[in-house]
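The model shown is predicted, which means the values in this text are computed figures rather than measured ones.
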Amino acid sequence: MPSSGLDWPSDGVVRLTPIHPDDAEAHLAGEDAELVRWLTGGLGTLSGTRMYFQYCQEEWAVDGPLRGFGIRVAGLLAGTLDLRFAGEHLEAGEVNVAYGLYPTWRGQGHATRAVRLAADYAARVGAKRAVIKVEPENGASCAVAARAGFEPGGTVVEHGEVLRLYFRDLG
């Protein structure tokens, strides 16, 4: 687990906790075409999802640049959220925020709550600015960024895709 010693972020409705290989089945049960389209790029398998969640656990253990969270509502896995403290088109002190909710949990403000909690966590562990990269056609994710206090800031091309950038100063 991380050396930061912080309690896991919660606002009383949404709680972020490190994603765990045991979450793989719940994740796959919630995966749908929208999540695949905007976030993962393909349907997951049980073994592949467990391996990725194990990798997330390993990153937590060594305070690596990835912090993989489960988004939990009433103790149930409602989606996932990744913070990446290093990566393409990130400057020193920036953290990329990527998130997705399962269909049952969408449209209730949970993604906005999770992004706010993640930004607060990132600030507490030293990030100066949070970045969300969104395909312009993903109107729901663009709206989450705006509701979570992020400002539009241009575009970038990654893997042949034009992504809209949203920024939120954390310090």
For R168 and D120: C-alpha separation, side-chain torsions, deciding distance, then whether salt bridge (charged side-chain N to carboxylate O under 4.0 Å, His left out) applies. CA-CA 11 Å; R168 179 175 160 190; D120 292 346; 3.5 Å; yes
Below 4.5 Å, heavy atoms only, C-beta onward: do E58 and Q54 meet side chain to side chain? yes
Taking the side chain as every heavy atom from C-beta outward, state whether Y52 and I19 have any pair of such atoms under 4.5 Å apart. no
Rounded distance (nearest 0.5 Å) linking atom CG of L46 with atom NE2 of H27: 11.0 Å
Taking a hydrophobic cluster as the set of Ile, Leu, Val, Met, Phe, Trp and Tyr residues connected by side-chain heavy atoms closer than 4.5 Å, whether directly or through intermediates, do L165 and I132 fall within one such cluster? no
Got a salt bridge between D23 and R72, using NZ or NE/NH1/NH2 to carboxylate O under 4.0 Å? yes
Say you draw a straight line from CG of L101 to CG of L77; how long is it, rounded to the nearest 0.5 Å? 9.5 Å
Heavy atoms of G79 and Y102 approach each other most closely as N-CE1, 3.3 Å
Joint cluster assignment, F167 & V134, ILVMFWY side-chain distance < 4.5 Å: no
Determine yes or no for a side-chain-to-main-chain donor-acceptor pair under 3.5 angstrom, with D11 supplying the side chain and V13 the backbone. yes
Looking only at non-hydrogen atoms, find the nearest pair between S10 and R15 and report the distance. CB-NH1, 3.7 Å
Identify each donor-acceptor pair in which a side-chain atom of residues 140-164 lies under 3.5 Å from a protein atom, sequence neighbours left out, and give them as a table.
from: S141; atom 1: OG; to: Y99; atom 2: OH; distance (Å): 2.8
from: R147; atom 1: NE; to: T112; atom 2: OG1; distance (Å): 3.2
from: E158; atom 1: OE2; to: H89; atom 2: ND1; distance (Å): 2.9
from: E158; atom 1: OE2; to: K133; atom 2: NZ; distance (Å): 2.6

List the atom of V95, the atom of A127, and the distance in Å for their closest heavy-atom pair. CG1-CB, 3.8 Å
Drop me the distance from D169's CG to R129's CZ, to the nearest 0.5 angstrom. 6.5 Å
D32: partners by side-chain contact (heavy atoms from CB on, under 4.5 Å), with sequence neighbours left out: E34, L35, P103, R106
Search all heavy atoms of T80 against all heavy atoms of I71 and return the closest pair with its distance. O-CD1, 3.4 Å
So, taking the atom named CZ in R113 and the one named CD in Q108, what distance separates them when rounded to the nearest 0.5 Å? 10.5 Å
Within the structure provided, determine whether L117 and F69 are in side-chain contact (heavy-atom separation under 4.5 Å). no
Just to verify, what does L90 make a side-chain contact (heavy atoms from CB on, under 4.5 Å) with, not counting sequence neighbours? E94, N96, V131
Contact between Q57 and F53 at the side-chain level, heavy atoms closer than 4.5 Å - yes or no? no
Identify the heavy atoms of A118 and L81 that sit nearest to each other, and give their distance. CB-CD2, 3.5 Å
Are P65 and R84 packed together at the side-chain level, in the sense that at least one heavy-atom pair is separated by less than 4.5 angstrom? no
Side chains of L76 and W105 in contact at under 4.5 Å (non-hydrogen atoms): yes
Could you tell me how the ring of Y121 sits relative to the ring of W8: parallel (under 30°), tilted (30 to 60°) or perpendicular (over 60°)? tilted
